[in-house]
Amino acid sequence: MDHRYCAQDVLRCRLCKTPAPLMYCDICHIHICKGCVGEHLSNQPLQHTVVPFNERGSTIICPKHSPKLCELYCEQCDNPICVLCASSEEHQCHKFVDLTNALERHKQILQQDLHELENVIYPKYQEIASSFPIKMTDLNDNSKKLTEAFDKHGKQLHMEIDTIIANLKFDLEEMDLKYITFLNEQENEITRKVSEITQTVADLKKLLNTNDFSQVSAYKSMNAEFRKLPPQTSVSLPSFTPQTINREQIHQQFGFMSELVIKTEEPERLLINEPKVISVIETEFGESKKLHSVACLSQEEVWACGQDNMIRLYNLKGELVKAIHTKSRNNPENVTVTRNGDLLYTDADKRSVNIVKHLHIQKIIKCWGWRPFGVTSTSSGDLLVAMDSDDYKHTRIVRYSGSILLNCIEIADNGQPLFSSGRYIRYINENKNHDICVSDWYAGAVVVVNPTGKLRFNYTGPPSKTKGSLYPYGITTDSQSRILIADDKNNCIHIIDQDGWFLRFIDNCDLHSPWGLCVDTNDNLFVAEKEGQIKKIQYYM
């Protein structure tokens, strides 16, 4: 029998044809039994590397200095290299690690991806997929209930109403078909994703069982794509509202069925275990002129102000894009950006709030007898301004529509002031649920009230006092209605949910006296440190 053409034959030693050889030459790429290893090694002029069969693929011949073997890994070039490569000018000042360690590190990345796919991403998709039969049942139950209501009401109106009933049933069936089509499309998409994840998991397991560096290093992670869960769907199914029968107005009084409403909501984003700094911006601020406020213009540019009369726009490279002198040449207290991308800043000494349009500064609010400090632009386009009285004995939050005062928030239901008094920047932000969040440094608390000014809660730190007392400065909110608070003395960021429950700290990013905070449209956090650095931090998956 010719073993080359026998599909059922086992692997054999290339030299003696012994079945199931245990060794493998990584240079010649042949199978060898233990008895033939010596003979093969003596075969000149090649320098052979014989390894156990399950360790095959771990030896790489340098493509530039054959037959030299690659024993090192260049981290800058992301390639295996030999000792001659390491001493060449091409790799001068590069960092090298042992190839075995590099392989192990790559496998650790594979293992992390596999773990995330199996334990985090895949279960989320399973959970979404399992909801479709329930939604279909709800749809059928609702349709059955409405159909019965149509029939019951229709019998009371006799033959005159039959046409209306037929039309309503047709409309309902059209809505059902629309929703079923929508659900089927979503289910098919989830099924496709589940299939891709299953295949990726299988591929990763296969890669983890091989030492072939070329295969392992060729792996490209798909986890970033899989992390993007599909939008959650909120559906308002049709309902029927019957009316009292009136023969003269039978069409109007029969009732109406609401439209099928399909809403998509972004899924809840998960906080990553280890937040990381993805960019550091060095500014002109520092020891003599502290940095205390930032506002995102985009994901690539951020406004900053501090203890001088300039407001500066920086990009992520730390380049100064634009600089604006305040109109009065006073120091700005706080900056924010409107929905239209216009810059706003407060001038406490001039008791004004100013807007910058096309580098032209215009005063839009004059606060007689009050000094404005914190300012934010709301989702409705209103402005919220935190201000102190001229004698610094009273603090209030004022809502403006343009320059028109709408309401003031100052006193709680029990007759006591909501905020402590004293001169300092009170940072303010509106949450996605329209709550108003204010950092109260003197009270060591974040005060959260609803839009009418009713106190919802005070946050003074997590239940377990693992750090010192809270000293809140900058405050911002993200797309998940989470509140982020800069803690100056403890060099960290507190993250709490919209109801005041502590979620976690960001305390691993080498923060030093964080003051100003803002988030971009992708929920990346910008932290202004008073000594002049701005750090862009990723804290969501």
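- Here Leu503 contributes atom CG and Tyr539 contributes atom OH; the two are 10.5 Å apart, rounded to the nearest 0.5 Å.
- The only member of Thr395, Asp390, Asp388 that meets side-chain contact (heavy atoms from CB on, under 4.5 Å) when paired with Tyr392 is Asp388.
- Formation of a donor-acceptor pair under 3.5 Å by the Lys366 side chain with backbone atoms of Lys350 is found in this model.
- Of the charged side-chain nitrogens involved, none lies within less than 4.0 Å of a carboxylate oxygen, so that Asp478 and Lys432 do not count as a salt-bridged pair.
- Within a 6.0 Å radius of NZ in Lys465, more than 12 heavy atoms belonging to other residues, nucleotides or ligands are found.
- A cation-pi geometry, defined here as NZ or CZ lying under 6.0 Å from the six-membered ring centre and within 45° of its normal, does not hold between Arg227 and Tyr540.
- Counting non-hydrogen atoms of neighbouring residues, nucleotides and ligands closer than 6.0 angstrom, the NZ atom of Lys124 reaches no more than 12 such neighbours.
- Under 4.0 Å is where a charged nitrogen must lie from a carboxylate oxygen, and between Lys193 and Glu225 at least one such pair does.
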Pair Asn524-Gln299, side chain to side chain donor-acceptor pair (under 3.5 Å): steps then yes or no: CA-CA 8 Å; Asn524 291 307; Gln299 294 186 29; 4.7 Å; no
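- Under a cut-off of 6.0 angstrom, the local environment of NZ in Lys322 is sparse, with at most 12 non-hydrogen atoms contributed by other residues, nucleotides or ligands.
- In this structure, CG on Leu117 lies 7.5 Å from OG on Ser221, to the nearest 0.5 angstrom.
- A heavy-atom distance below 4.5 Å is not found between the side chains of Trp441 and Ser420.
- Side-chain atoms of Glu529 and Leu511, non-hydrogen and from C-beta on, do get closer than 4.5 Å to each other.
- Looking at heavy atoms from C-beta onward, Ile428 lies out of side-chain contact with Val385 at the 4.5 angstrom threshold.
- You'll find the side chain of Lys536 stays beyond 4.5 Å of the side chain of Ile534, heavy atoms only.
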Stepwise side-chain contact (heavy atoms from CB on, under 4.5 Å) test for Phe226 and Glu116: CA-CA 10 Å; Phe226 293 142; Glu116 184 181 12; over 6 Å; no
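- Considering every non-hydrogen atom in both Pro332 and Thr326, the closest pair reads CD-CG2, 3.7 Å.
- A donor atom on one side chain and an acceptor atom on the other are not found under 3.5 Å apart for Asp520 and Asn522.
- Rounding to the nearest 0.5 Å places CG of Asp176 at 9.0 Å from CE of Met136.
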Criterion side chain to side chain donor-acceptor pair (under 3.5 Å) on Asp523 and Ser479, from CA distance to verdict: CA-CA 7 Å; Asp523 283 335; Ser479 67; 2.4 Å; yes
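- In this pair, His94 and His91 present their aromatic rings perpendicular. The plane angle is above 60°, beyond the 30 to 60° band.
- What you find for Leu418 and Ala412 is that their closest heavy atoms are CD2-CB, 3.6 Å.
- To the nearest 0.5 angstrom, Asn491 atom CG is 5.5 Å from Ser513 atom OG.
- Of the N and O atoms on the side chains of Ser380 and Thr378, at least one donor lies less than 3.5 Å from an acceptor on the other residue.
- Here the side chains of Ile483 and Gln498 are not in contact, with every heavy-atom distance at 4.5 Å or above.
- Using a 4.5 Å heavy-atom threshold, the side chains of Gln533 and Val527 count as separate.
- Using modelled atom types, no side-chain atom of Ser352 and backbone atom of Lys363 make a donor-acceptor pair closer than 3.5 Å.
- Judged by distance alone, the side chain of Asp497 and the main-chain N or O of Gly500 form a donor-acceptor pair under 3.5 Å.
- Side-chain contact between Trp515 and Tyr427: present, with at least one pair of heavy atoms (C-beta onward) separated by less than 4.5 Å.
- A salt bridge links Arg105 and Glu75; the closest N-O separation between the charged side-chain nitrogens and carboxylate oxygens is under 4.0 Å.
- Looking only at distances, no side-chain donor or acceptor of Asn309 sits under 3.5 Å from a matching main-chain atom of His325.
- In this structure, Asn142 contributes its side chain and Ser239 its backbone to no donor-acceptor pair below 3.5 Å.
- Without hydrogens or angle criteria, Asp440 side chain to Phe419 main chain gives no donor-acceptor distance under 3.5 Å.
- Distance alone, capped at 3.5 Å, places no donor-acceptor pair between the Ser195 side chain and the Thr191 backbone.
- A donor-acceptor pair is defined here as one N or O able to donate and one able to accept, closer than 3.5 Å; no such pair exists between the side chain of His115 and the backbone of Gln111.
- At distances below 3.5 Å, at least one donor-acceptor pair connects side-chain atoms of Asn223 with backbone N or O atoms of Asp113.
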Residue pair Asn334, Ser293: steps toward the side chain to side chain donor-acceptor pair (under 3.5 Å) verdict: CA-CA 6 Å; Asn334 197 222; Ser293 182; 2.7 Å; yes
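- In this structure, the side chain of Asn450 engages the main chain of Thr452 through a donor-acceptor pair within 3.5 Å.
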Test side-chain contact (heavy atoms from CB on, under 4.5 Å) applied to Glu118 and Ile197, step by step: CA-CA 9 Å; Glu118 289 186 324; Ile197 292 173; over 6 Å; no
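- With Leu271 as reference, Arg482 is the one residue of Arg482, Gln480, Met541 to meet the side-chain contact (heavy atoms from CB on, under 4.5 Å) rule.
- Taking a cutoff of 4.0 Å between a charged side-chain nitrogen and a carboxylate oxygen, Asp342 and Lys357 qualify as a salt bridge.
- Using a cut-off of 4.0 Å between Lys/Arg side-chain N and Asp/Glu carboxylate O, Glu174 and Lys178 are scored as not salt-bridged.
- Under 4.0 Å is where a charged nitrogen must lie from a carboxylate oxygen, and between Lys107 and Glu104 no such pair does.
- No side-chain heavy atom of Met387 sits less than 4.5 Å from a side-chain heavy atom of Arg351.
- Atom OH of residue Tyr459 and atom CG of residue Leu470 lie 6.5 Å apart, to the nearest 0.5 angstrom.
- Lys467 has no carboxylate O lying under 4.0 Å from a charged side-chain N of Asp487, or vice versa, which leaves the two without a salt bridge.
- Between the side chains of Thr477 and Asn429, at least one donor-acceptor pair of N or O atoms lies under 3.5 Å.
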